[in-house]
Amino acid sequence: MRQSSYLLLTVLIALTACSRAFDPDVRTGATPQLIEGHPDIRISAIGFYDNDGKPVLDVDTDVVYNSLIFKSEEGAFKAGVGVQIQAMAINENGDTRLAENQSFEVNVEEEDRRIVESSETLNLQNRLDVGPGQYEVIVSVTDKSSGKTTRLNSNVYIIDPEDGSSDVTHVKILGIEGDSDKAPYPITTYDIPGRVDSLRFQYYVTKTEADPEMSINMSLIKFESDNEPPRNMSGIQPTPGSIEYRGINYNESEVNEETNRTLRTESGTILIEYTVPRPEWGNYRFQVTAITEDDDFRKARDFSSKSNNYPHIETSQEMAKPLAYLMGRSDYEGLMEIENPDSLKRAVDRFWYTNLGSADLARDVIELYYTRVEEANKQFSSFKEGWMTDMGMVYILFGPPYYAERSLDTYTWIYGYDRTDPRRVFRFQRTRMDSDSHPFTHYILQRRRGYHSVEYQKREEWLNGTILDRSR
């Protein structure tokens, strides 16, 4: 499946959590902030003492290529960004001052036109010299062609060793590609790229001589989470206690891996790394707990392992799963039972060609359908792929809404000029969790019996090809 560019809806921004974690000791990684015409960036920052014993901030910034404006010049595609990284020191009263500032420009030049639509990223790694204390790191990226800027921030703390205390930094994730000569690189997002074969967790321990011993426990935890396509639009509404409603249940987890280490004679700043194969689909937390005689410290990094080519659709399995919105339940269950990739690919092709008849018509419908699947992945993903969410389901079937309205807890999508027509108005309610410790903005479609006919009609338009006329 070809790479598709972002379809940005200006009213649908920041649906998922930003880089701020719900717990200051837990980082979730950045998630897309899709604002039309603005660079799509993700950041990660940690503070520690380098090999010379100096306090520093390491800031990793990713800029998605297809969010930049490229110009064709002299046989190459060129784009550029201006980057500003500021470290704002925060005192005990909450007042801030500029402690360090870096500004620079980066130019991108590529002969291959595919970079214009590539969801790969420009990776920037910067180090700022600072002192001990609390900081707000602010990263601003400006597209040199459009002049539009995206800004993200992250809070970082560096201990003062003179107060005699120990500490553990936040955890950084590095991706390792097994068949590539590419060096391990920082992953700034919640989602782990499909090309990654192994994950390396990296953090620093500051251990003072006053602490004779430090015990460190490292564990990889998997949380219970919803991993199924949503129910029909006219189906039964998920109940507040169900996993469909909750999304992730942080109260139900299992430890996949665990290891312990003891620091006895070591002191100063110590780099610790732990490498694991990329885990199977699911939502995880790598947690570090360091215990001394007088105190204990906890830091964690949450992440999600999704389909191998996420957010793109390339394999037969990835093409088969989104057909849940077009197939009857028994047919879909039969499709999912096919394990051989070649047999599954033939079954997917047979489904499309049997319904559409013409190979040319099928090709155009298939391209539109999976383009919307990929766009849903880019816009609505959180704890699971965007196509599997309620918003993703409606978006794939109906396309972008004519109008979208947002209130405190509700999104309303309107497909038509008559806002009173209940068959063309879809409301998504943000779920209320029994705890505030939920980092995702999770919206559930308010299901209605009346949606049965309009959902059936839209499915028929996909299966007879008339969806192409309505999408133009």
If you take all heavy atoms of [X] and [Y], which pair is closest and at what distance?
| X | Y | result |
| --- | --- | --- |
| I173 | R301 | CD1-CG, 3.4 Å |
| M214 | T206 | CE-O, 4.3 Å |
| W281 | S307 | CD1-N, 4.1 Å |
| P132 | Y49 | CG-OH, 3.5 Å |
| R264 | K207 | O-NZ, 3.3 Å |
| Y245 | P238 | CD1-O, 4.0 Å |

Let me know which of W413, Y411, F428 forms a ring-ring contact (aromatic ring centres under 6.0 Å, His included) with Y443. Y411
In sequence, state the C-alpha distance, the side-chain angles, and the governing distance for E224 and R246, and then conclude on salt bridge (Lys or Arg N to Asp or Glu O under 4.0 Å). CA-CA 10 Å; E224 179 189 32; R246 296 170 66 91; over 6 Å; no
Aromatic plane relationship, Y250 with F223 - under 30° parallel, 30 to 60° tilted, over 60° perpendicular: perpendicular
If the plane angle is over 60° it's perpendicular, under 30° parallel, otherwise tilted; pick one for F303 and F201. tilted
What residue among S381, P322, P229 forms side chain to side chain contact (heavy atoms under 4.5 Å, CB included) with M388? P229
Paired with L199, the side chain to side chain contact (heavy atoms under 4.5 Å, CB included) test is passed by just one of T275, L220, I192, namely I192
For the pair [X] and [Y], find out whether any cationic side-chain nitrogen is under 4.0 Å from an anionic carboxylate oxygen.
| X | Y | result |
| --- | --- | --- |
| R447 | D390 | yes |
| R27 | D25 | no |
| D58 | R127 | yes |
| D226 | K384 | yes |
| D60 | R42 | no |
| R195 | E177 | yes |
| E110 | R114 | no |

Check step by step if side-chain hydrogen bond (donor to acceptor under 3.5 Å, both in side chains) holds for E257 and Y274. CA-CA 11 Å; E257 291 193 30; Y274 186 68; 2.9 Å; yes
Quick check on [X]: does its [atom1] atom have over 12 non-hydrogen neighbours (other residues, nucleotides or ligands) under 6.0 Å away?
| X | atom1 | answer |
| --- | --- | --- |
| E339 | CD | no |
| E111 | CD | no |
| R113 | CZ | no |
| Y402 | OH | no |
| R231 | CZ | yes |

May I ask you to test the K321-W387 pair for a side-chain heavy-atom distance under 4.5 Å? yes
Do I444 and H442 touch side chain to side chain, with heavy atoms closer than 4.5 Å? yes
Determine whether the aromatic ring centres of F426 and F398 lie less than 6.0 Å apart. yes
Indicate, with yes or no, if the rings of Y157 and H170 have centres closer together than 6.0 Å. no
Working note: N66 + K378, criterion side chain to side chain contact (heavy atoms under 4.5 Å, CB included); need CA distance, chi angles, decisive distance, verdict. CA-CA 12 Å; N66 65 16; K378 293 172 182 177; 4.2 Å; yes
Candidate pair D191 and Y310, rule side-chain hydrogen bond (donor to acceptor under 3.5 Å, both in side chains), full reasoning: CA-CA 9 Å; D191 298 317; Y310 172 86; 3.1 Å; yes
Can K299 be said to sit on top of F297's aromatic six-ring, NZ or CZ under 6.0 Å from centre and within 45° of the ring axis? no
Under the ring pair (Phe, Tyr, Trp, His ring centres under 6.0 Å) rule, what do F380 and Y395 come out as? Steps first, then yes or no, please. CA-CA 10 Å; F380 311 120; Y395 183 87; 5.7 Å; yes
Where do R278 and S305 land on the side-chain hydrogen bond (donor to acceptor under 3.5 Å, both in side chains) test, with the steps shown first? CA-CA 8 Å; R278 180 188 176 190; S305 182; 3.2 Å; yes
Decide yes or no on side-chain hydrogen bond (donor to acceptor under 3.5 Å, both in side chains) for S119 and H312, but give the supporting numbers first. CA-CA 9 Å; S119 60; H312 305 297; 2.8 Å; yes
